[in-house]
Amino acid sequence: MRLSRYFLPTLRETPKEAEIVSHRLMLRAGMIRQHAAGIYSWLPFGLRVLARIEEIVREEQNRSGAVEILMPTMQPADLWRESGRYDDYGKEMLRIVDRHKRDILFGPTAEEVVTDIFRGFVRSYRDLPLNLYNIQWKFRDEVRPRFGVMRGREFLMKDAYSFDLDYDTARAAYNRMFVAYLRTFDRMGLKAIPMQAATGPIGGDLSHEFLILAQTGESGVFCSRKLLDLPIPGEDTDFRGDLSPIVAAWTEPYAATEEKHDAAAFEALPEADRIAARGIEVGHIFYFGTKYSQPMGASIAGPDGADRPVHMGSYGIGVSRLVGAIIEAGHDDAGIVWPDAVAPFQVGLINLKAGDPVVDVACETIYERLTKAGITVLYDDRDDSAGAKFARMDLIGLPWQLIIGPKGLQRHEVELKRRATGARETLTPDGAITRLLAV
RNA sequence: CGGGGCAUAGCGCAGUCUGGUAGCGCACCUGCUUUGGGAGCAGGGGGUCGCAGGUUCGAAUCCUGCUGCCCCGACCA
């Protein structure tokens with residue numbers, strides 16, 4: 001993409017409404033536009049990040065055996081009356097009345113809708129296990145939206161729903177999501193720590209929040225250092241096999257948020273093992289049994305031929321929140337530092353003297369060659385001063401900067417800079433291409 | 001929903017106390033010179049001062065009401 005033909009409205013100064021660093025940087029890097037409290041447009045640069053995160057989530061959901069669907073943003077109130085949640089949910093639910101005076105809501109989640117799908121089609125345990133997920137905009141009329149996309153009133157969420165015959169198979173479904181989440185967040189360059197979470201009226205120990213460590217996180221977290229070094233399950237993980245040893249390994253070390261912190265248990269750890277930090281919740285998984293299937297009549301026949309309510313779980317990932325969370329976890333004074341896996345472009349190509357025929361030709365050639373090789377490149381071909389280009393490229397945080405100017409070219413040299421470390425290499429133009437193809 | 005703050009050009013701000021023709025920096029447009037860490041000079045465009053009432057000869061400024069946004073708290077992917 002040529003910057004001169006792109007839409008990247010970067011700002012030198014921070015709009016005063018933004019307090020938290022990820023919000024400031026998203027505004028300055030031209031990723032989003034706020035229209036009202038908690039309501040944003042995603043501009044091209046932000047949208048690319050959102051799409052990359054979404055794709056990682058999708059790949060890992062698919063790998064675990066979940067199947068993608070797309071449910072509506074508007075849901076009929078009657079489904080929620082069946083589950084009993086229409087009245088319970090409270091003011092956070094965004095409600096409207098349509099022209100026929102029917103009650104409609106903008107979905108804050110989709111247990112009712114997915115249960116309606118399930119009961120419409122699935123009759124037998126032989127069709128299980130089943131896990132249906134979607135990546136869809138959700139609506140919550142938050143009392144107080146804040147922190148940019150970290151707490152919007154409209155947000156993109158991956159929500160998955162598992163259906164199983166009984167507790168044991170439901171637990172296996174839970175484990176699959178647990179492991180999928182470990183992989184998902186790891187692929188985004190995040191250390192996500194699963195922590196025991198409250199389960200509400202259902203009880204049991206089957207609910208975990210996944211929090212990533214970031215200095216500006218919303219909640220205080222306490223955990224064992226062991227959790228930082230545990231191996232992430234590989235691509236070859238057998239999701240049809242028994243995953244309970246992995247889950248056991250990840251749930252054995254101490255980990256709790258502020259609210260559930262047990263100071264005595266934490267202090268029982270060797271001091272060098274204790275981590276007290278800040279965290280951002282990016283995922284939450286639950287097993288809730290027959291809470292929805294029972295009142296909504298989602299039953300299946302077991303091996304004995306008798307119908308019984310299906311056992312369910314739900315599993316959320318805050319996709320749009322992750323954009324903010326990743327920035328919270330990866331930035332410096334100059335701007336964003338994208339992990340390679342979610343970077344909107346892999347390389348920022350800087351033409352230090354746009355308009356100089358020699359430099360223009362060199363840049364164009366490299367731009368074409370990298371692009372043809374499948375590398376995503378944002379080519380800064382604008383006629384700005386070098387300093388402005390460096391500052392802007394640091395701000396938007398692409399993993400690699402390829403810097404080409406007249407002085408270097410006289411020596412047949414270009415410079416490759418790694419955004420995260422600031423490390424620079426001087427290479428020939430061919431050498432730079434070879435180097436980038438290798439990473 | 002309680003507490004606090006803010007609202008003047010695209011962004012950041014001054015001007016409001018003490019009423020008298022709306023300003024600065026950045027950004028933007030034109031020209032020239034520049035180009036290795038947010039360039040220089042010259043010229044130029046852009047604002048019903050959040051909205052509605054009121055006071056006054058005259059309101060960004062004083063009064064009343066409203067709206068929007070931000071922060072802290074309670075609540076949450």
Side-chain angles (χ1 to χ4, degrees), chain A residues 9-20 23-24 27-28 30 33-39 53 57 89-93 107-110 135-160 181 192 197-198 200 207-212 218-219 257 259 280-286 314-325 333-335 350-356 359-360 380 382-396 401 403-411 413-415 417 422 424 426:
Chain A
T10 55
L11 304 172
R12 276 187 72 161
E13 286 172 285
T14 306
K16 68 175 171 208
E17 74 263 18
E19 199 71 23
I20 195 169
H23 191 197
R24 288 205 298 260
L27 290 167
R28 288 194 56 211
R33 165 76 176 182
Q34 179 171 357
H35 301 289
I39 300 179
I53 291 172
V57 170
Y89 213 92
K91 289 186 171 174
E92 253 192 26
M93 181 187 281
T109 174
I135 300 173
Q136 174 65 292
W137 293 92
K138 299 296 188 299
F139 301 83
R140 292 193 191 168
D141 197 1
E142 292 280 346
V143 207
R144 187 183 160 207
R146 57 182 143 169
F147 305 145
V149 299
M150 305 267 282
R151 181 171 306 287
R153 292 149 82 189
E154 181 184 23
F155 57 96
L156 192 60
M157 181 166 92
K158 185 286 297 182
D159 41 321
Y181 277 32
S207 178
H208 287 88
E209 292 178 11
F210 287 73
L211 289 107
I212 68 161
E218 296 172 88
S219 29
T257 58
E259 303 80 53
I280 301 169
E281 185 186 345
V282 290
H284 200 159
I285 61 178
F286 306 81
S314 74
Y315 314 90
I317 289 180
V319 176
S320 48
R321 169 179 285 185
L322 271 167
V323 180
D333 290 344
I350 297 181
N351 180 333
L352 281 178
K353 194 168 182 181
D356 178 314
V359 185
D360 285 352
D380 188 348
R382 301 209 327 189
D383 185 23
D384 290 329
S385 70
K389 292 189 175 202
F390 290 135
R392 180 169 53 221
M393 200 58 84
D394 284 348
L395 169 65
I396 67 174
Q401 297 175 9
I403 300 158
I404 302 183
K407 292 177 191 168
L409 282 177
Q410 278 174 8
R411 300 187 299 270
E413 285 171 1
V414 299
E415 190 172 56
K417 175 181 153 184
R424 295 156 186 273
T426 300

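Convention: sequence-line order gives letters A, B, ...; per-chain numbering from 1. Every value quoted in this text rests on a predicted model; they were computed, and no experiment measured them.
Going from the P atom of B/rG23 to that of B/rG45 covers 13 Å, rounded to whole Å. Of the C1' atoms belonging to B/rC1 and B/rC75, the separation is 10 Å, rounded to the nearest Å. Between the P atoms of B/rG31 and B/rU18, the separation comes to 50 Å (whole Å). On the P atoms, B/rU67 is 40 Å away from B/rC29, given to the nearest whole Å. Between B/rG36 and B/rC41, the distance separating the two C1' atoms is 23 Å to the nearest Å. When the P atom is compared between B/rG15 and B/rC62, the two are found 12 Å apart, to the nearest whole Å. When the P atom is used for both B/rG53 and B/rA59, the distance is 13 Å, rounded to whole Å. Atom name C1', nucleotides B/rG12 and B/rC51: the rounded distance is 24 Å, in whole Å.
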Exercise. When every nucleotide of nucleotides 29-37 of chain B is labelled 5' to 3' by its protein contacts under 4.0 Å (heavy atoms), B for base, S for sugar-phosphate only, - for none, what sequence of letters results?
Worked result: -----BBBB

Seminar exercise, completed: Per-nucleotide protein contact along nucleotides 40-45 of chain B, 5' to 3', at a 4.0 Å heavy-atom cut-off (B base, S sugar-phosphate only, - neither), is ------

Seminar exercise, completed: In B/S/- notation (B base, S sugar-phosphate only, - none; protein heavy atoms under 4.0 Å), nucleotides 1-13 of chain B written 5' to 3' is B----SS---BSS

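If you check B/rG38, B/rA77, B/rA74 against the side chain of A/R146, the one that comes closest is B/rA74. The side chain of A/R12 sits closest to B/rC26 out of B/rC26, B/rC70, B/rA77.
Counting any heavy atom pair closer than 4.0 Å across all strands shown, A/V319 reaches no nucleic acid atom. Within the 4.0 angstrom heavy-atom criterion, base atoms lie near A/R28. Heavy atoms of A/A18 sit nowhere under 4.0 angstrom from any nucleic acid atom. The residue A/G324 sits apart from the nucleic acid: no heavy atom pair falls under 4.0 Å.
Residues forming a side-chain contact (heavy atoms from CB on, under 4.5 Å) with A/T14 (at least two apart in sequence, or on another chain): A/A18, A/R24, A/R28. Under the ring-ring contact (aromatic ring centres under 6.0 Å, His included) criterion, A/F139 pairs with A/F106, sequence neighbours left out. The ring-ring contact (aromatic ring centres under 6.0 Å, His included) check on A/Y181 picks up A/F185, A/F210, with sequence neighbours excluded.
Between A/P406 and A/D356, the closest heavy-atom pair is CB-OD2, 4.2 Å. For A/H284 against A/A197, the heavy-atom pair with the smallest separation is NE2-CB, 3.5 Å. For A/L11 against A/L395, the heavy-atom pair with the smallest separation is O-CD2, 4.2 Å.
Put simply, NE2 on A/H35 is 18 Å from C1' on B/rC70, counting in whole angstrom units. If you take CD of A/E209 and P of B/rA77, they are 7 Å apart, rounded to a whole angstrom. Rounded to whole Å, atom C1' of B/rG38 lies 14 Å from atom CE of A/M393. Put simply, CD on A/Q136 is 18 Å from P on B/rA77, counting in whole angstrom units. Summarising the geometry, the separation between CD1 on A/I53 and C1' on B/rA77 is reported as 14 Å, rounded to the nearest angstrom. Atoms CG (A/L27) and P (B/rC69) sit 15 Å apart, rounded to a whole Å. Between the CZ atom of A/R382 and the C1' atom of B/rC28 there is a distance of 12 Å, rounded to whole Å. Distance CD (A/E142) to C1' (B/rC70): 16 Å, rounded to an integer number of Å.
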For this session: Take A/K389 and A/D394 through the test salt bridge (charged side-chain N to carboxylate O under 4.0 Å, His left out) and record every step on the way to the result.
Result: CA-CA 8 Å; A/K389 292 189 175 202; A/D394 284 348; over 6 Å; no

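The partner of B/rA14 cannot be assigned: no Watson-Crick or G-U wobble pair with both contacts below 3.5 Å exists in any strand. Taking a pair to require two hydrogen-bonding distances under 3.5 Å in either a Watson-Crick or a G-U wobble arrangement, B/rG43 pairs with B/rC29. Across all strands shown, nothing is found opposite B/rU56 as a Watson-Crick or G-U wobble partner with both distances under 3.5 Å. Look at B/rG73: its Watson-Crick or wobble partner, with both distances under 3.5 angstrom, is B/rC1. Taking a pair to require two hydrogen-bonding distances under 3.5 Å in either a Watson-Crick or a G-U wobble arrangement, B/rC6 pairs with B/rG68.
Taking the charged nitrogens against the carboxylate oxygens, A/R392 and A/D380 do have a contact shorter than 4.0 Å, which makes a salt bridge. In this structure, A/R424 pairs ionically with A/E415, as a charged nitrogen and a carboxylate oxygen lie closer than 4.0 Å. A salt bridge links A/D159 to A/K138: at least one charged side-chain nitrogen sits closer than 4.0 Å to a carboxylate oxygen. Ion pairing of A/R411 with A/E413 is present here, as a side-chain N (NZ or NE/NH1/NH2) and a carboxylate O approach within less than 4.0 Å.
A donor atom on one side chain and an acceptor atom on the other are found under 3.5 Å apart for A/N351 and A/D360.
RNA chain B is contacted by both A/F155 and A/E19; A/E19 maps to the nucleotide lying nearer its 5′ end (nearest heavy atom per residue). Residues A/H284 and A/G148 each lie close to RNA chain B; by heavy-atom proximity, the contact nearer the 5' end of the strand is made by A/G148.
Residue A/M393 holds its CE atom at 10.5 Å from OG1 of A/T10, rounded to the nearest 0.5 Å. Interatomic distance, NZ of A/K353 versus NZ of A/K407, reported as 9.0 Å (0.5 Å rounding).
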